[in-house]
Amino acid sequence: MRRLVGAAVACLLLAACSASPSTSTDGGVSEGRVDVNTAALRSLKARAGVQPCVPGTSTGRLPRVTLPCLGGGRPVDLAALRGPLVINLFAQWCGPCREELPYYQQLHEKAKGTLGVLGIDYLDTQPAQALRLAQSSGVTYPLLADPAGALRTAFKIRGLPGLVLVDKDGRVTDVEFRVVRSYAELRGLVQKHLGVRLPA
């Protein structure tokens with residue numbers, strides 16, 4: 001009986017973040033309808049202390065998709081990024097995403113100079129809420145926005161949260177759709193798939 005209850009709870013958790021997000025007031029989810037670079041958003045980003053987006057300068061093996069920087073800044077062509085890099089796919093409408101953001105921030109702080117952390121606000125039409133979530137979670141690593149779901153096919157996204165691990169050559173070594181429960185769990189995934197040693 002306990003197994004059945006556990007399975008039901010797991011299914012509910014997965015369903016919660018695989019559903020479509022609430023739409024903006026104009027009902028649009030295309031990038032053209034969601035402005036992620038307004039004066040208000042730039043102010044929110046500054047208050048949250050989120051770092052600027054840094055475009056890559058090399059040729060890696062990530063998808064050739066250019067995404068805007070959440071809250072203003074230079075757009076980033078993912079194909080120009082190299083690793084080691086951890087990409088966190090999240091959205092403010094995804095409950096489990098909220099729970100795990102502090103672990104990505106911890107990784108960002110402990111791995112400085114060793115590995116990069118990048119967040120992508122996926123299929124989210126409320127960038128202000130995403131930046132408020134970053135602020136309340138203490139997130140300061142760079143954030144991109146993909147309100148139109150441009151990465152859906154490239155990463156075979158089937159729900160959130162998502163985790164993409166990229167090696168030093170810009171090659172994706174692992175893509176997972178799971179809830180990270182601790183920094184230790186995240187650290188273990190990085191060490192296993194990227195071979196990067198990190199402090200506990």
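What you see below is based on every heavy atom in this structure, not just the backbone, and it leaves out hydrogens, waters and symmetry mates.
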Which atom pair, heavy atoms only, marks the closest approach of [X] to [Y]?
X	Y	value
P127	V34	CD-CG1, 3.9 Å
C53	V76	CB-CG2, 3.9 Å
A148	L123	C-CD1, 3.9 Å
L70	A130	CD2-CB, 4.1 Å
N37	G72	OD1-CA, 3.3 Å
Y122	A91	O-CB, 3.5 Å

Taken in chain and number order and not counting sequence neighbours, the residues that satisfy side chain to side chain contact (heavy atoms under 4.5 Å, CB included) with K168 are P84

| message | Working note: V86 + L165, criterion side chain to side chain contact (heavy atoms under 4.5 Å, CB included); need CA distance, chi angles, decisive distance, verdict. | response | CA-CA 5 Å; V86 174; L165 297 165; 3.6 Å; yes

Would you check if [X] and [Y] make a side-chain contact, meaning some heavy-atom pair closer than 4.5 Å?
X	Y	answer
L143	D121	no
E176	L189	yes
D146	L89	no
P161	C94	yes

side-chain contact (heavy atoms from CB on, under 4.5 Å) with F90: of L163, L101, V139, only one passes, and it is L101

Between P142 and the options L118, I120, V117, the side-chain contact (heavy atoms from CB on, under 4.5 Å) test singles out L118

What distance separates [X] [atom1] from [Y] [atom2], expressed to the nearest 0.5 Å?
X	Y	atom1	atom2	result
T66	L78	OG1	CG	7.5 Å
L107	Q105	CG	CD	9.5 Å
R132	L41	CZ	CG	8.5 Å
Y141	I87	OH	CD1	11.5 Å
L194	T114	CG	OG1	12.0 Å
L144	L81	CG	CG	8.0 Å

So the salt bridge (charged side-chain N to carboxylate O under 4.0 Å, His left out) pairs with at least one residue in residues 56-75 (sequence neighbours excluded) are R64-D77

For residues 39-53, the salt bridge (charged side-chain N to carboxylate O under 4.0 Å, His left out) pairs (sequence neighbours left out) are none

Strictly distance-based, threshold 3.5 Å: is any side-chain N or O of [X] a donor or acceptor partner for the main-chain N or O of [Y]?
X	Y	result
D169	R171	no
W93	Q126	no
T173	H193	yes
S137	A134	no

message = Go through it in stages, so that I can follow the logic: the residues are Y103 and E185, the test is side chain to side chain contact (heavy atoms under 4.5 Å, CB included), and I'd like the CA-CA distance, side-chain angles, deciding distance and then a yes or no.
response = CA-CA 9 Å; Y103 306 132; E185 181 182 348; over 6 Å; no

Please assess L198 against K110 for the test side chain to side chain contact (heavy atoms under 4.5 Å, CB included), listing each intermediate value before the final yes or no.
-> CA-CA 7 Å; L198 299 170; K110 288 180 178 281; 5.9 Å; no

Next on the checklist: Within the supplied structure, the quantity of interest is the number of heavy atoms (other residues, nucleotides, ligands) at a distance under 6.0 Å from K192 NZ; does it exceed 12?
Outcome noted: no

*asked:* Is there a side chain to side chain contact (heavy atoms under 4.5 Å, CB included) between N88 and H108? Walk through the geometry before answering.
replied: CA-CA 11 Å; N88 166 227; H108 171 63; over 6 Å; no

